[in-house]
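Note that this is a predicted model, so its numbers are computed, not measured.
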Amino acid sequence: MKILKDLIEKANDTMEEIEWYAEKAHHLRAEHKSLADTYIKIAEMHVSIYNMLHEKMVMLIEETKSKGVPVPPAMQAIWDYEHEKLIKEFAEAKYLIEEYKKLGY
């Protein structure tokens, strides 16, 4: 399913953006607090984008199943792997943002 593949790729790209901005915020916090705060806000914007993409990925799989169309085993295996990986990476990225906020965002 090309649509699912595209969504997974875009979610991965978005995840990289979240991590990049959050890590930069942590590194710049002491010397450039204003810029670091901006980076955290941008990371949070990307979290919103990621959440929308994730919702659509799950919806696409569920819609396919609800129509009685069997999801090919290879596609299901890829989805399961990619979905688990995305959830883990998302949790790590959210942790970076929350840790920044604990320090006084």
Side-chain angles (χ1 to χ4, degrees):
M1 214 185 248
K2 173 110 171 73
I3 294 171
L4 183 59
K5 178 183 174 280
D6 289 345
L7 285 169
I8 290 170
E9 286 176 358
K10 191 46 83 179
N12 279 321
D13 292 346
T14 304
M15 188 64 60
E16 288 177 15
E17 292 291 318
I18 295 167
E19 292 168 345
W20 188 90
Y21 283 107
E23 287 172 2
K24 287 292 184 185
H26 279 276
H27 293 290
L28 293 172
R29 182 183 167 84
E31 292 182 39
H32 302 284
K33 175 91 167 76
S34 176
L35 179 57
D37 289 349
T38 298
Y39 279 173
I40 281 297
K41 288 178 187 174
I42 293 170
E44 290 175 321
M45 289 177 193
H46 283 287
V47 166
S48 295
I49 293 167
Y50 172 84
N51 283 332
M52 288 186 282
L53 293 169
H54 183 260
E55 179 183 316
K56 295 302 176 188
M57 287 185 286
V58 171
M59 184 182 76
L60 186 61
I61 291 291
E62 294 305 317
E63 281 179 354
T64 301
K65 289 179 180 179
S66 72
K67 291 177 184 175
V69 177
V71 178
M75 181 194 288
Q76 186 66 52
I78 290 169
W79 166 246
D80 292 343
Y81 171 77
E82 289 292 339
H83 191 232
E84 184 177 325
K85 185 175 83 171
L86 282 168
I87 289 172
K88 180 182 176 189
E89 289 176 2
F90 183 68
E92 292 169 359
K94 285 286 290 181
Y95 175 79
L96 282 173
I97 293 169
E98 294 307 316
E99 283 300 304
Y100 184 90
K101 288 180 175 182
K102 284 180 186 175
L103 297 172
Y105 165 59

Report task. Taking the side chain as every heavy atom from C-beta outward, state whether I18 and I97 have any pair of such atoms under 4.5 Å apart. Result ->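 Sidechains of I97 and I18: in contact.
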
Query raised in the report: Mind checking whether E17 and Y50 have side chains closer than 4.5 Å, heavy atoms only?
Result: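 Contact flag for E17/Y50 side chains = no.
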
Query raised in the report: Does K41 come within less than 4.0 Å of D37, counting only side-chain N to carboxylate O?
Result: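 So K41 does not pair with D37 through a salt bridge.
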
Query raised in the report: Hey, what else clusters with I87 if you join Ile, Leu, Val, Met, Phe, Trp, Tyr whenever side-chain heavy atoms sit under 4.5 Å?
Result: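 Besides I87, the cluster holds no residue at all.
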
Query raised in the report: Does W20 sit in a hydrophobic cluster with other residues, and if so which ones, taking ILVMFWY side chains as linked at heavy-atom separations under 4.5 Å, directly or through other members?
Result: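 Other cluster members: Y21, L28, L35, Y39, I42.
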
Query - Joint cluster assignment, I49 & V47, ILVMFWY side-chain distance < 4.5 Å - result: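 Linked within one cluster.
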
Requested in this report: Establish whether F90 and Y81 are linked, either directly or via other cluster members, by ILVMFWY side-chain heavy-atom contacts under 4.5 Å.
Outcome: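 No; Y81 is not reachable from F90 via cluster members.
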
Query - Value rounded to 0.5 Å, distance of NZ in K94 from CD in E44 - result: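 Going from the NZ atom of K94 to the CD atom of E44 covers 7.0 Å.
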
Requested in this report: Report the distance from atom NE2 of H46 to atom CG of L53, rounding to the nearest 0.5 Å.
Outcome: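 The NE2 atom of H46 sits 11.5 Å away from the CG atom of L53.
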
Requested in this report: Return the set of residues passing side chain to side chain contact (heavy atoms under 4.5 Å, CB included) with E92 (not counting sequence neighbours), or none when no residue passes.
Outcome: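 Side chain to side chain contact (heavy atoms under 4.5 Å, CB included) list for E92, sorted by chain: K88.
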
Report task. State which residues pass side chain to side chain donor-acceptor pair (under 3.5 Å) with H54; sequence neighbours excluded, sorted by chain then number. Result ->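 Result, side chain to side chain donor-acceptor pair (under 3.5 Å) vs H54: H83.
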
Query raised in the report: What residues, two or more places apart in sequence or in another chain, satisfy side chain to side chain donor-acceptor pair (under 3.5 Å) together with Q76?
Result: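 Result, side chain to side chain donor-acceptor pair (under 3.5 Å) vs Q76: D80.
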
Considering only distance and modelled atom types, tabulate donor-acceptor pairs under 3.5 Å from the side chains of residues 58-73, sequence neighbours left out.
residue	atom	partner	partner atom	Å
T64	OG1	L60	O	2.9
S66	OG	E62	O	3.4
S66	OG	E63	O	2.9

Query raised in the report: Who passes salt bridge (charged side-chain N to carboxylate O under 4.0 Å, His left out) against E99, sequence neighbours left out?
Result: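 Scan of E99 (salt bridge (charged side-chain N to carboxylate O under 4.0 Å, His left out), adjacent residues dropped) gives K102.
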
**Report entry** Test salt bridge (charged side-chain N to carboxylate O under 4.0 Å, His left out) applied to E19 - qualifying residues, sequence neighbours left out
**Finding:**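 None.
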
Query raised in the report: Taking all atoms of both residues into account, what is the closest heavy-atom pair of A22 and A43, and its distance?
Result: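 In terms of heavy atoms, the two residues are closest at N-CB, 4.1 Å.
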
Determine all donor-acceptor pairs shorter than 3.5 Å in which one atom belongs to a side chain in residues 1-15; sequence neighbours excluded.
residue	atom	partner	partner atom	Å
K2	NZ	D6	OD1	2.8
K2	NZ	D6	OD2	3.2
K5	NZ	E9	OE2	2.8
N12	ND2	I8	O	3.3
T14	OG1	K10	O	2.8

